[in-house]
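Position 1 is the first residue of the sequence; numbering continues from there. This one's a predicted model, so the numbers in the text were calculated from it and none came from an experiment.
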Amino acid sequence: VDELTQLKNRRDFFELAEQALKVARREHHSMALFFMDLNGLKQINDGLGHLYGDQALRDAAQIIKETFRDSDIIGRLGGDEFVALAHITGEASALTRRIREHLDAFNARSERAYRVELSVGTALVDPTANESIESLIGRADAAMYEQKRAAREHHPKD
């Protein structure tokens with residue numbers, strides 16, 4: 001377990017996720033991998049201090065835990081990176097919307113000196129392919145960066 005966030009650590013996440021992928025392939029479950037990055041952690045650490053940065057990571061972990069089901073596998077890869085392997089029944093975008101709703105609700109009610117913002121990328125699991133967790137994370141990470149790039153182009157800084 002990751003001591004700061006109480007989520008699964010990188011090693012435990014990989015072990016559990018590989019097992020879940022085997023079951024999903026065998027039973028043809030629909031799954032998606034979500035790669036999430038806490039935005040602005042460096043600015044929180046630099047501007048407010050590392051205790052605030054640690055609290056922002058705990059806040060993000062709590063929001064992620066509230067968004068996914070207990071049967072989903074959630075972990076902190078390290079730094080400001082989180083990952084979840086989730087069973088999906090419809091579109092992965094529905095879970096992404098739920099993450100945004102939970103973030104908005106948290107930020108609206110919190111008295112924090114910062115906002116908790118997550119960038120999210122997803123990769124759908126193809127049950128007929130033998131894709132590794134590393135490859136899924138790579139695809140979800142690339143999708144997240146594409147989303148960040150598009151957001152920057154859509155909302156350029158003044």
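A donor-acceptor contact shorter than 3.5 Å is absent between the side chain of Asn9 and the backbone of Leu77. Here the side chain of Ser132 pairs a donor or acceptor atom with the backbone of Ser135 at under 3.5 angstrom. When atom types are taken as modelled, the side chain of Arg100 and the backbone of Leu118 share a donor-acceptor pair closer than 3.5 angstrom.
Between Lys148 and Asp37 a salt bridge is recorded (basic side-chain N to carboxylate O distance below 4.0 Å). Ion pairing of Glu131 with Arg139 is present here, as a side-chain N (NZ or NE/NH1/NH2) and a carboxylate O approach within less than 4.0 Å. Salt-bridge formation is not detected for the pair Arg98/Glu101: no Lys NZ or Arg NE/NH1/NH2 atom is positioned less than 4.0 Å from an Asp or Glu carboxylate oxygen.
Here Asp2 pairs with Arg76 under the salt bridge (charged side-chain N to carboxylate O under 4.0 Å, His left out) rule; sequence neighbours left out.
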Does the ring-ring contact (aromatic ring centres under 6.0 Å, His included) test come out yes or no for Phe68 and Phe34, once each step is laid out?
CA-CA 10 Å; Phe68 292 92; Phe34 294 78; 5.3 Å; yes
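Across Ala56 and Tyr114, no two heavy atoms sit closer than the pair N-OH, 3.3 Å. Between Thr67 and His102, the closest heavy-atom pair is OG1-ND1, 2.8 Å. The nearest pair of heavy atoms linking Gln147 to Val120 is OE1-O, 2.8 Å.
The neighbour count for Gln6 CD, taken as heavy atoms of other residues, nucleotides or ligands under 6.0 Å away, is above 12. For Tyr52, the OH atom is loosely surrounded, since the number of other residues' heavy atoms within 6.0 Å does not exceed 12. Open room surrounds CD on Glu3; 12 or fewer heavy atoms of other groups in view lie less than 6.0 Å from it.
Hydrophobic cluster membership differs between Leu38 and Phe35, with clusters built from Ile, Leu, Val, Met, Phe, Trp and Tyr side chains linked at under 4.5 angstrom.
Side-chain N/O atoms of Asn39 and Ser119 include a donor and acceptor closer than 3.5 Å.
Val1 has its side chain out of reach of Asp12: every pair of non-hydrogen atoms, C-beta onward, lies at least 4.5 Å apart.
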